[in-house]
Amino acid sequence: MEQNQIGKLIIVSGPSGAGKGTICAELMRQMPDLVMSCSATTRAPRPNERKDRSYFFVSTETFLEMVRKDELLEYDQHFENYYGTPKKFVVDMLNFGKDVILEIDVKGALQVKQNYPDSILFFIEAPSEEALYERLIKRGSETEEKIQIRMARNKLELAQRYKYDYCIMNDDVDRAVAEIIAILKERRK
Ligand code: 5GP
């Protein structure tokens, strides 16, 4: 890990269904100088997802090869699938002076913070368990059983939020994004 990087890592993390994706898209729209990292995953693409944009969709064999070659900044297993952040792109961008957003789960976020203590960690919280459940249902991509597994994991993730630099309540996307932007601008001073 190169500690002399100029840019900062911005980690947007928290339970699945809390609205991290929407928040990141809006952050990128309002702060076009930010760069978004694209994760690798072994999960199958959802109908609305774009190859090499939403994720690099890879086989388990390829993913484990990336792990073996130390090509990932962090990785985690989530619902039978692997997810990880390709290291080279992120390190290159940081050294180039860019701030890079990672949208990752809680375990990954805490791994990154350990290696890059300068990272800024945002925990995105849904207003209630019911709201989280509603969002996962609306997504329409998961069976009830998988949603229940995600909800159980969400509880464990929620218990880790005190380890984050900032908790952002996503009861209103515009307000949540404005809060993050204000923090980032303050941190850049
Ligand atoms: P989904 O299957 O809904 O796209 O993602 C499941 C979970 O994996 C989400 O919480 C998402 O933020 C997380 N995730 C996505 N990419 C990465 C990554 O590169 N590393 C880690 N640790 N988690 C990730």
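In listed order, ligands and their atoms are each counted from 1. Throughout, numbering of the chain's residues begins at 1 and tracks the sequence.
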- prompt: Any side-chain heavy atom of Phe56 within less than 4.5 Å of one from Cys38?
  reply: yes

message: As an exercise, identify every atom of ligand 1 less than 4.0 angstrom from a heavy atom of Asp76.
response: 22 (N)

task: Indicate yes or no: does an N/O atom of Ala40 lie under 3.5 Å from an N/O atom of ligand 1?
output: no

message: Any non-hydrogen side-chain atom of Tyr75 less than 4.5 Å from a side-chain atom of Thr85?
response: no

- request: Evaluate the ring planes of Tyr164 and Phe123, with Trp represented by its six-membered ring, and classify them as parallel (under 30°), tilted (30 to 60°) or perpendicular (over 60°).
  value: perpendicular

task: For atom 16 (N) of ligand 1, find the nearest protein heavy atom and state the residue, atom name and distance (0.1 Å precision).
output: Ser39 OG, 3.1 Å

Minimum-distance protein heavy atom relative to atom 15 (C) of ligand 1: Tyr55 OH, 3.2 Å

message: I need the nearest protein heavy-atom contact for atom 20 (N) of ligand 1: residue, atom name and distance, please.
response: Glu74 OE2, 2.8 Å

query: Out of curiosity, Thr42 OG1 to Phe57 CZ, how far, rounded to the nearest 0.5 Å?
result: 10.5 Å

query: So is Lys107 close enough to ligand 1, meaning a heavy atom under 4.0 angstrom away?
result: no

statement: Rounding to 0.5 Å, atoms CG (Leu27) and CD1 (Ile181) come to a distance of 5.5 Å

message: Can you tell me if Glu144 has over 12 outside heavy atoms packed within less than 6.0 Å of its CD?
response: yes

task: For Arg139, take its heavy atoms, then give the atoms of ligand 1 lying under 4.0 Å from any of them.
output: 3 (O)

query: Just wondering, more than 12 heavy atoms not from Gln148 lying within 6.0 Å of its CD?
result: yes

task: Would you mind listing which atoms of ligand 1 come within a distance below 4.0 Å of any non-hydrogen atom of Arg46?
output: 1 (P), 2 (O), 3 (O), 4 (O)

query: Looking at side-chain heavy atoms only, is the closest gap between Glu74 and Lys107 below 4.5 Å?
result: no

field: Closest to atom 22 (N) of ligand 1 among Leu136, Asp105, Ile104 (heavy-atom distance)
entry: Asp105

Test of proximity, Arg150 against ligand 1: N or O pairs below 3.5 Å: yes

Nearest protein heavy atom with distance in Å, relative to atom 2 (O) of ligand 1: Tyr83 OH, 2.5 Å

message: Tell me whether ligand 1 is touched by Glu142 - counting only heavy atoms on the residue side and a distance under 4.0 Å.
response: no

task: Check ligand 1 against Arg43 and write out every atom of the ligand that is under 4.0 Å from a heavy-atom position of the residue.
output: 1 (P), 2 (O), 4 (O)

- request: Can you label the angle between the Tyr83 ring and the His78 ring as parallel, tilted or perpendicular, going by 30° and 60°?
  value: perpendicular

- prompt: Within the structure, does Lys20 bring an N/O atom to less than 3.5 angstrom of an N/O atom in ligand 1?
  reply: yes

